[in-house]
Amino acid sequence: MIIEIIIAVLIGVVGGIFSGLTPGIHTNLLVTLLFSISPFLLAFTSPLIISALIVSMAITHTFLNVLPAVYLGAPDSEGKVLSVLPGHRMLLQGKGYEAVTLTVLGSFLAIIMGIALTPLLLKFLPALYSSIKNYIGYLLVIISIYMIFRERKKFWAFFIFMLAGIFGIGVLNLNMKEPLFPLLSSLFGVAGLLISLKDNVKIPQQLITKIEIPKIEVVKAMSSAGIVGTFVSLMPGLGPAQAAIIGSQIIKLTDKGFLILVGSLETLGMVTSFIAITSINKARNGAVVVISRLMETITQKDLIIFLAVALASGLIAVFLSLRLAKIFSSLITKINYQKLCIAIIILIIVMGFWLSSYIGLFVLIIGSFIGMLPSLVGIGKNHLMGCLLLPVILFFLL
Amino acid sequence: MQDKVLFKVSLIISVMGTFLVLLILEYSEVKLTEINSLGKNQLETRVKVQGAIVSIKETPGLYILTIKDTSATIPLVIFKEDTLALEKNTQVEVIGKLTEYKKELEIIVEKIKI
């Protein structure tokens with residue numbers, strides 16, 4: 001069985017590289033594809049091995065997706081420092097590699113932390129969940145209001161949150177295939193690339209030097225991740241961006257600490273979702289949904305295998321992410337950034353049409369305009385998560 | 001293009017586009033279908049069926065129900081959020097996405113009402 005698991009880990013890593021590096025491709029898409037061919041795969045292997053492959057793919061994705069997030073879609077930071085993400089800010093200072101390293105460090109520490117916290121989570125997650133489950137809708141409302149009120153331009157933050165929310169409700173209820181792809185890749189992908197094109201961004205020479213890891217920031221970020229990550233893993237609709245904002249309010253962080261926090265929250269969210277399916281029987285993401293379909297029951301022994309797979313794939317992903325970041329750092333100044341942005345927009349449009357037909361293209365166009373609004377107004381892009389948060393809030397409150 | 005002009009254009013297209021999405025939604029109500037008339041050409045689209053529950057199965061994160069109308073049976077997949085308050089023989093109406101697993105059609109449930 002060990003050899004089968006190793007093969008599953010390696011195949012999963014390849015899938016995670018593909019989904020992580022391709023803007024707009026979410027693990028859910030590959031996992032759904034894998035699920036559709038699982039009857040064929042089950043003739044050769046067991047549900048546990050396919051699940052291990054999914055775990056490996058999902059974990060690798062959380063490491064690799066930092067590369068397009070840092071290297072693509074950077075706006076011109078002049079005069080709108082507050083709305084520029086720390087990863088982009090560092091890229092524009094020639095420190096893209098450092099931004100990736102910090103995020104990857106956060107991701108890897110999150111796996112260690114998730115494994116260390118497993119006995120505690122298995123014991124206390126059911127009680128924690130049952131104490132908040134009736135209030136999830138209200139808690140999400142409070143978090144959304146908090147996000148809006150911390151902005152200087154509160155009206156626009158509220159307006160964009162609601163607009164994205166209503167747009168999300170509409171798109172998720174339209175009779176179309178794969179609505180999440182055009183919805184998320186337009187709001188968070190194409191919009192950022194269009195802003196880069198508009199600003200005619202010039203990426204400076206990237207420095208690849210020995211990176212000083214700020215130990216105190218690591219401790220602060222991971223403490224924050226431990227507190228917020230567990231809580232957020234129980235809250236559907238919240239992403240790492242919102243979680244990181246909440247976390248950085250609890251413990252004040254620099255840009256470097258914030259990047260460690262973002263990396264850790266994304267991976268910790270994935271690791272705790274494997275624990276959550278075992279302890280509270282709740283599937284919090286697409287990967288876990290498919291695992292829970294494949295496996296009749298998930299025992300603690302299965303969970304240990306999943307965590308070992310997460311650790312192994314995480315180790316490989318650390319090496320891959322840093323290696324690729326070096327390559328990206330050297331290439332990004334050699335290639336024409338504008339042409340690269342246009343090529344990726346075309347790729348997303350082709351995929352949107354392939355997955356969701358004409359209605360997908362329509363959603364891509366409208367979503368791209370909505371997605372540009374936060375940058376044009378000068379507020380955080382996190383309000384665009386209203387596209388998922390508002391439908392989830394209404395689901396819990398109505 | 002100046003930021004102000006782009007902002008105004010984006011704002012107008014965003015609001016009008018969202019309104020248009022809601023309008024399409026309003027005029028694209030999912031029609032009730034008999035189970036045996038569901039076909040692979042409808043895969044990954046939203047369908048509406050009615051029937052009586054004939055079996056209830058549980059996995060770690062899901063409930064899998066089978067419902068039966070006068071024409072055929074079909075499995076329903078429901079994500080666990082709350083305890084399922086449904087019993088065998090209960091008549092339900094379901095809206096959800098039609099998918100295929102092990103060469104059989106099934107519905108990922110979005111709305112279920114008794």
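Protein chains get the first letters and strands the later ones, always in sequence-line order, with residue 1 at the start of each.
Within the 4.5 Å cutoff, no side-chain heavy atoms of B/Phe19 are placed close to those of A/Ile166. Two residues are said to be in side-chain contact when any heavy atoms from C-beta on lie closer than 4.5 Å; A/Asn175 and B/Ser28 fail this criterion. Counting heavy atoms from C-beta on, the side chains of A/Lys198 and B/Asp3 come closer than 4.5 Å. Residues B/Tyr101 and A/Ser38 meet the side-chain proximity criterion, which asks for heavy atoms closer than 4.5 Å. Here the side chains of B/Val15 and A/Phe167 are not in contact, with every heavy-atom distance at 4.5 Å or above. In this structure, the side chains of B/Leu20 and A/Phe362 come closer than 4.5 Å at one or more pairs of heavy atoms.
The two atoms that bring B/Thr18 and A/Ile366 nearest to each other are N-CG2, 4.0 Å, heavy atoms only.
Contact of B/Val47 with chain A is not made at all, since no heavy-atom distance falls under 4.5 Å. Only the backbone of A/Met176 comes within contact range of chain B, with heavy atoms under 4.5 Å apart. When heavy atoms are compared at a cutoff of 4.5 Å, A/Phe40 does not approach chain B at all. For chain A, the nearby parts of B/Leu25 are the backbone and the side chain; heavy atoms of each come within less than 4.5 Å. Contact annotation for B/Ile64: only side-chain heavy atoms (C-beta onward) come within less than 4.5 Å of a heavy atom of chain A. Using a 4.5 Å cut-off between heavy atoms, A/Leu172 contacts chain B through its backbone alone, with no side-chain atom that close. With a threshold of 4.5 angstrom between heavy atoms, B/Lys57 approaches chain A through side-chain atoms but not through N, CA, C or O.
Most heavy-atom pairs under 4.5 Å with chain B, from the set A/Ile160, A/Val288, A/Ile291, A/Val289: that is A/Val289. Between chain B and the options A/Thr278, A/Val363, A/Ile359, A/Ile370, the largest number of non-hydrogen pairs under 4.5 Å is found for A/Ile370. With chain B as partner, the option from A/Leu163, A/Asn173, A/Leu42, A/Ile298 having the largest number of non-hydrogen pairs under 4.5 angstrom is A/Asn173. Of all the listed residues (B/Met16, B/Arg46, B/Lys103), the one sharing the greatest number of non-hydrogen pairs under 4.5 Å with chain A is B/Arg46.
Taken from OG in A/Ser375 to CG in B/Leu6, the straight-line distance is 10.0 Å, to the nearest 0.5 Å.
Salt bridge status for A/Arg293 with B/Glu106: present, with a side-chain N to carboxylate O gap under 4.0 Å.
A donor-acceptor pair is defined here as one N or O able to donate and one able to accept, closer than 3.5 Å; such a pair exists between the side chain of B/Thr59 and the backbone of A/Ser292.
Taking the six-membered ring for Trp and thresholds of 30 and 60 degrees, A/Trp156 and B/Phe7 have ring planes more than 60 degrees apart, a perpendicular arrangement.
Enclosure of atom CD in B/Glu93 by more than 12 non-hydrogen atoms of other residues, nucleotides or ligands within 6.0 angstrom is indicated. No more than 12 heavy atoms of other residues, nucleotides or ligands shown are found within 6.0 angstrom of NZ on B/Lys68.
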